[in-house]
Structure formats: structure tokens, C-alpha cells
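A quick write-up on the structure given underneath.
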Amino acid sequence: MNMNIPDPKELEKELNQYLHNKYGEQVKLGVAPLSFPSPRSDKFEDEKKDKSKIISKIKFDLKPEELEAYLNNYVVKQEEAKGILATKICTHFNRIQYWEENKNILKPSGVGYIKNNILMIGPTGVGKTYLIKLIAEKIGVPFVKGDATKFSETGYVGGDVEDMVRDLMAEANDDIEYAQYGIVYLDEIDKIASSQNLVGPDVSRTGVQRALLKLMEETEVNLKVPHDFVSQMEAFENYRRTGKREKRVVNTANILFIMSGAFNELEKIIEKRINSQGIGFISRDTFSKREEFDYFKYVKSEDFIKYGFESEFIGRLPVIVTLDELDGDDLYKILKNPNNPIIKGKKMDFKAYGIDLKFKDQALYSIALNAHQEKTGARGLVSAVEKVLLKFEKRLPSTSINHLVVTEEMVKNPQDELNKILSNQKQYNQNDLYQLMQREERGKLRTYIKEREKDFAIQFQEELTEELIDLITDMALESGGGIDEIYQEIKREQKEILNFEETFYSRNHIKLRFGHTAVIAIIKKAFKENSDPYQICERTFKNYELGLKLIKDQLKDKIIQVEEEALDNPDEYLNRMIRSTYQ
């Protein structure tokens, strides 16, 4: 393949001119003689991938109810918000998948076509960011979060709004096609509303809105930018290797944009509009704080425009989601949730020192009330837990204490309770409260799974048997993993057992079919022994190949049904089958 080899001196001159303009005479680059290999397939050429391969990488096959059921396991309250987000985000990605799989269908674009971009309204600490992170992780798409307050229209002051799209490239491991199916989440969007107290337009804020507007519609973002030295060097390196000047761009047509903010003064605008229409609403003076927040349920585009947003900007955010404020009871439910990362993380901190940490319900409730006083929603839970346990985390690793039960008294007076434990360490290690908490913890987790059985059945696309619930409960308690993680691990191990069935059949032309209870028993054994289900099957049924040859011709359909009892004494189980067949 012919190509023009650039002169190294010309490249050195061009690059040094750029460095001089950017950094002055202090920075200069000397270019060694360059060798130019033949163009080869590298990561830049790999970007010309078939889009269907990227869609298959995402493996998007979720339905709205499945995603909602998944969110229910992690997020307390916010029922309406979870339903809307699950529906519109699933629709967004399923629609993309439909277009990619049906090339003959004309994809709508241009004027009049609007993506399911989302605007979320809610006070701090109600789970806005947490919800979107959970969804992006579940779907398997790259995700970036930005803060609207740091952006400017041009990028010379603060940041460039296009930087968020460039950040998707890092999350997508420099895969352009993959990045083009990502999610961009921009918080504190209410801070770029033009000020209502200014005379004349608020140019800086409306400028950011217009810059974002282009991204939300469809535009191409150049990955090589003058103010980014790294991107310039990457472009130079690509030119050195291929001899080509490639314009690398990310198209935003399929990127989902989600904005959020607290919108503190917006409810007054909504209230004024509603009451002026005379449709029977009562003055805010008669509402409690929780009822007052319900004004957001009646928000319209005209309210956002009065708040300081361009009509075109709001028009590109057709999906409005409102989130409810969290009270003390809600924070308590968050702490009790077995998937709650705060308590799970703190248990892991103590486990690292060989200390098993457990919480009494009343202690969790006291922590939740303390956090609620911070007025920062769920964000206050982390600091509230740390205030109670920091002294214990510092002191107990140097002692013989091997467990800690957090009580209400400990929340109220951590230093006094620590002194009591230290004064009689041996007796504390032997107390009955810890044993009781162990039994209670298992019962509570099992009850939680049973109560959410319908959600899990939708999410996992499988009915949960009593044996499966017991297995999930035991594995979750022992490993500290979330229920979703544990279930996915169980499914992986089930596939290992199926692989053994297929391998056994290929060797002997006899199919071992493991019953449900046998599969559960094998996985439980593998978990306890920290082993692999496939190896357990190989070890347990190693004598079956020879024994089954004796009855191979008498077997109906060449199938042997294996039940749980075969694991306890596989040889006796085999002998009984042989005797039964001959009889």
C-alpha cells in the first residue's frame, strides 16, 4: 500500500511550533529519526466496527419491569421515579437495538426527532446519582457524571461541555462505537438557569444551555482539541504509525443525556401558576413540608422557562422525573436493606481485621435519626455510621475481640461502651448476644427475600424455590455479597454443572441429569469448599463411567436422573441403580 512518508524534520518543526504557542520557549521537543512501519490494524482502525457487535457487547435484553425490579432491591422509596426511569431507559436502548437489527427500517432523525433525555428533580441525598449509576452498571454501558457549575460556553473558563463526551471514551476503553451508546449524567443543572434578577440576558448561563442543546440533539464531538496536549500527542503518534491524519469523532445521536437538580425556587413558580388558574389548590401555608414537595408533580415546561431555561433546552428533555424527600424512617429502611453499600462496606472494614460486625435494629434506627438531622438525605448516613464506629475501628484490631454487636447504647455513647468491652474482652467474646444476632440476621435476610419474591422472580426470570432461597441466604451472609451478585454466581455455577453433563455424555453417550435439589447441593458444597462445581462433579462421579456401562443397554433414553442423595454416597447410589435396573 502506497503512502506519503512525512519528513521527520517537518514533523519536529510543526510540533515545536505548537508547543511554542502553547507553553512558550521553555518547552521544546527533539524528534529522533522515525521509522514508519506498514499500516497495520490497531485500535484506531478497529473503531470502524460493525455497530451490531457493539450492541451485542451491551447485551441489552432487559424489559422495563425487569429493570424496575432490579432497582427495587437497591433503592428505598421513589416508586414513581424508578418506574419512569426503568421504562424510558429500557425503551431508549431497545429502540437502538431494534434499528441496528432491522437495517431496512428508516431511522428517524433531524427536525422533530427527540430522544428520551431525562430531567430529574429532587433535593440532595434522595438517590438521583445512585439510581443512574445502578442502571448504567446493569445495562453495561459507559457512564460519566459531570457538574453543570463547572462548565462554560467556550471552555476557556471552567470546562467544556464536550469534555463529558470525551470522558466517555475513557470509560469505554477508547472504543468510539461503544462510547456512542453511553449515558452522560449532569448534576446541578438548575445552576445554569439564567438569573431572574438580572436586567438583560444572562449570557454565560444561556450559552452553556445552548452548548448542551447541540450535544443532546445530535452532533459530532472531535476527540482532538487544541487545549488538550494528550489528545494532540495521541494524534501525532497515530500519524507516526499510519501516516494518516484521522479525524476521530464521537457522534452523540445515541448517547442518553440525564440532567438533575434540586430546583429550590421552582415550586414557588409552580404554586403561583396553579393558584392563578383557580383550580381549587390550597395555599402553601396549609401544606406540610412533605406535601409542599408535591408541587413538583405538576411542573410544566413554562415553569422551567420562567425559572431561567431556554425553551429549546427544556424541549430536549421530554421525560421529567421527580424524587421524594427522605425522612428518618426512609433512612432506616436504607440501612436495613441487605444491599445497602454503607453497612456492607463497614462490615468489610471490620472483617479485614478478623472482626465480625453486626447491627441491632434499634441501633440502625438511632443512626438513621442522627443522619436525618444533618438534612443531607442519604448522604448523612455515611458520616453518622463513622461517628459511632471510628473509635472501635481504631482500637479493636489491637485486641482479642473477634466480633462486635452495635447496640443503641453504643450509638448514644460510643466511648463508654468501648471502655466496657475493653474491660472484659474474654467475657465479651463469649456473650450470647452475638449468637442470637447470627440467627436473627439469617432469619431477617431470608424474610427479606421472601417478601420481595415477586420482584426477584421478574428480575431473574425464574421462580425462587425454598432450596434456592436458602442457598442465596447462606451465600450472601457468608460472603457479604449482594443478592443480585449471589444469584449471578449461582447461575454461573449451574452452567458449570451443565458443562459436566455434556462432557460426561460426550465420553459415555449416557446423560446424567441432575435434579434441582442435586444442583443446589453441588453449588452449596462448592461454596463451602471454595471449589468449582465442575471439579466436584468429576470427583464425585468418577466411578460412574465404568459402572454405567453395565446397564447402558437397559437404560431408557440413555438418561440417569441424579438426586441430592447421590452426593452423600455416590457409589452406593450407583450400586442401587444397577440392582434396580437388573431387577
Side-chain angles (χ1 to χ4, degrees), residues 59-90 93 120 122 125-141 143 183 321 323-324 326 329-348 359 361 364 368 377-378 381-382 441-494:
K59 296 180 180 177
F60 189 81
D61 58 358
L62 283 175
K63 305 298 186 297
E65 286 188 338
E66 296 171 29
L67 183 54
E68 183 182 28
Y70 171 76
L71 296 177
N72 286 338
N73 295 326
Y74 291 87
V75 180
V76 168
K77 210 173 183 177
Q78 318 303 358
E79 304 304 326
E80 182 179 355
K82 287 184 287 189
I84 295 174
L85 289 171
T87 301
K88 300 312 294 183
I89 292 177
C90 279
F93 286 101
M120 303 172 70
V126 296
K128 299 188 292 292
T129 303
Y130 187 48
L131 271 166
I132 305 306
K133 281 185 176 179
L134 283 171
I135 291 172
E137 181 179 334
K138 182 65 175 176
I139 295 173
V141 296
F143 165 83
I183 294 177
V321 179
L323 290 94
D324 299 324
L326 301 176
D329 289 338
D330 297 325
L331 298 181
Y332 170 58
K333 291 176 183 176
I334 290 174
L335 291 178
K336 283 192 66 177
N337 189 320
N339 291 313
N340 162 43
I342 300 171
I343 298 300
K344 283 173 59 180
K346 187 47 62 181
K347 286 184 175 182
M348 194 63 65
F359 292 82
D361 281 354
L364 292 177
L381 289 172
V382 177
E441 193 172 38
R442 188 185 190 282
K444 289 175 182 177
L445 181 56
R446 197 181 192 286
T447 299
Y448 173 84
I449 297 173
K450 288 289 290 181
E451 288 175 348
R452 306 205 67 86
E453 194 170 353
K454 290 183 179 179
D455 276 339
F456 287 124
I458 294 173
Q459 180 186 340
F460 300 148
Q461 296 292 288
E462 174 183 2
E463 295 294 330
L464 301 187
T465 64
E466 294 297 320
E467 295 84 5
L468 184 55
I469 291 175
D470 284 333
L471 180 60
I472 293 173
T473 301
D474 292 338
M475 290 178 68
L477 286 175
E478 183 67 25
S479 68
I483 294 169
D484 186 67
E485 303 168 72
I486 296 298
Y487 179 79
Q488 297 306 324
E489 175 63 18
I490 290 172
K491 297 305 291 183
R492 187 195 68 78
E493 297 192 351
Q494 284 178 342

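Residue indices begin at 1 and follow the sequence shown.
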#### Entry: Criterion salt bridge (Lys or Arg N to Asp or Glu O under 4.0 Å) on Asp470 and Arg442, from CA distance to verdict
CA-CA 9 Å; Asp470 284 333; Arg442 188 185 190 282; 3.6 Å; yes
### Query
salt bridge (Lys or Arg N to Asp or Glu O under 4.0 Å) between Lys77 and Asp324: does it pass, once the steps are laid out?
CA-CA 8 Å; Lys77 210 173 183 177; Asp324 299 324; 5.2 Å; no
### Criterion side-chain contact (heavy atoms from CB on, under 4.5 Å) on Thr87 and Leu67, from CA distance to verdict
CA-CA 8 Å; Thr87 301; Leu67 183 54; over 6 Å; no
### Task
Please report the C-alpha distance between Glu462 and Tyr487 in whole Å, then the side-chain angles of each, then the deciding distance to 0.1 Å, and finally whether the side chain to side chain donor-acceptor pair (under 3.5 Å) criterion is met.
CA-CA 11 Å; Glu462 174 183 2; Tyr487 179 79; 2.3 Å; yes
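Summarising the local packing, CD of Glu463 is surrounded by 12 or fewer heavy atoms from other residues, nucleotides or ligands at distances under 6.0 Å. The number of heavy atoms from other shown groups lying within 6.0 Å of CD (Glu441) is above 12. For Lys347, the NZ atom counts as densely surrounded, since its 6.0 Å shell holds more than 12 non-hydrogen atoms of other residues, nucleotides or ligands. The 12-atom threshold is not exceeded at NZ of Lys133, counting heavy atoms of other residues, nucleotides or ligands nearer than 6.0 Å.
Annotation: salt bridge (charged side-chain N to carboxylate O under 4.0 Å, His left out) contacts of Asp329 (sequence neighbours excluded): none. Lys454 meets the salt bridge (charged side-chain N to carboxylate O under 4.0 Å, His left out) test with no other residue; sequence neighbours excluded. For Glu80, the salt bridge (charged side-chain N to carboxylate O under 4.0 Å, His left out) partners two or more places apart in sequence, or in a different chain, are Lys297. Residues passing the side chain to side chain contact (heavy atoms under 4.5 Å, CB included) test with Glu489, sequence neighbours excluded: Met475, Arg492, Glu493. Applying the ring pair (Phe, Tyr, Trp, His ring centres under 6.0 Å) rule to Phe143 yields no partners; only residues at least two apart in sequence or on another chain are considered.
Taking CD1 from Ile334 and CG from Asn339, the interatomic distance works out to 12.5 Å, rounded to the nearest 0.5 Å. In this structure, NZ on Lys346 lies 8.0 Å from CZ on Phe359, to the nearest 0.5 angstrom. Between the CD1 atom in Ile469 and the CD1 atom in Ile449 there is a gap of 6.5 Å [rounded to 0.5 Å]. The line from CG of Asn73 to CG of Asp455 is 6.0 Å long, rounded to the nearest 0.5 Å. Atom SG of Cys90 is separated from atom CG of Leu62 by 5.5 Å, given to the nearest 0.5 angstrom. In this structure, the separation between CG on Leu331 and CG on Leu381 is 5.0 Å, given to the nearest 0.5 Å.
The shortest side-chain heavy-atom distance between Lys128 and Gln78 does not fall under the 4.5 Å cut-off. The shortest side-chain heavy-atom distance between Asp330 and Val126 does not fall under the 4.5 Å cut-off. Counting heavy atoms from C-beta on, the side chains of Ile490 and Gln494 come closer than 4.5 Å. Considering only heavy atoms from C-beta on, Ile483 comes within 4.5 Å of Leu445 through its side chain. Side-chain contact check for Asn72 versus Phe456: every heavy-atom pair is 4.5 Å or farther apart. The shortest distance between side-chain heavy atoms of Leu71 and Leu134 falls below 4.5 Å. For the pair Phe93/Val141, a side-chain contact is recorded, criterion being any heavy-atom separation below 4.5 Å from C-beta on. When side chains are defined from C-beta on, Ile132 counts as touching Leu85, because their heavy atoms get closer than 4.5 Å.
Sorted by first and then second residue, the salt bridge (charged side-chain N to carboxylate O under 4.0 Å, His left out) pairs involving residues 81-90 (not counting sequence neighbours) are Glu79-Lys82.
Pairing each heavy atom of Ile486 with each of Ser479, the nearest pair is CD1-OG, 3.4 Å. Across every non-hydrogen atom of Ala368 and Tyr332, the tightest pair is CB-N, 3.5 Å. Closest heavy-atom contact between Glu453 and Leu464: OE2-O, 3.2 Å. Between Leu131 and Val75 the shortest heavy-atom distance is CD2-CG2, 3.6 Å.
The residues Arg446 and Glu451 are annotated as not salt-bridged, no charged nitrogen and carboxylate oxygen being separated by less than 4.0 angstrom. Under the 4.0 Å criterion applied to side-chain N and carboxylate O atoms, Glu485 and Lys344 are assigned as salt-bridge partners.
Using a 30° and 60° split on the angle between ring planes, Tyr74 and Tyr70 fall in the tilted class, from 30° to 60°.
The main-chain N or O of Ile458 is found under 3.5 Å from a side-chain atom of Gln461 such that the two form a donor-acceptor pair.
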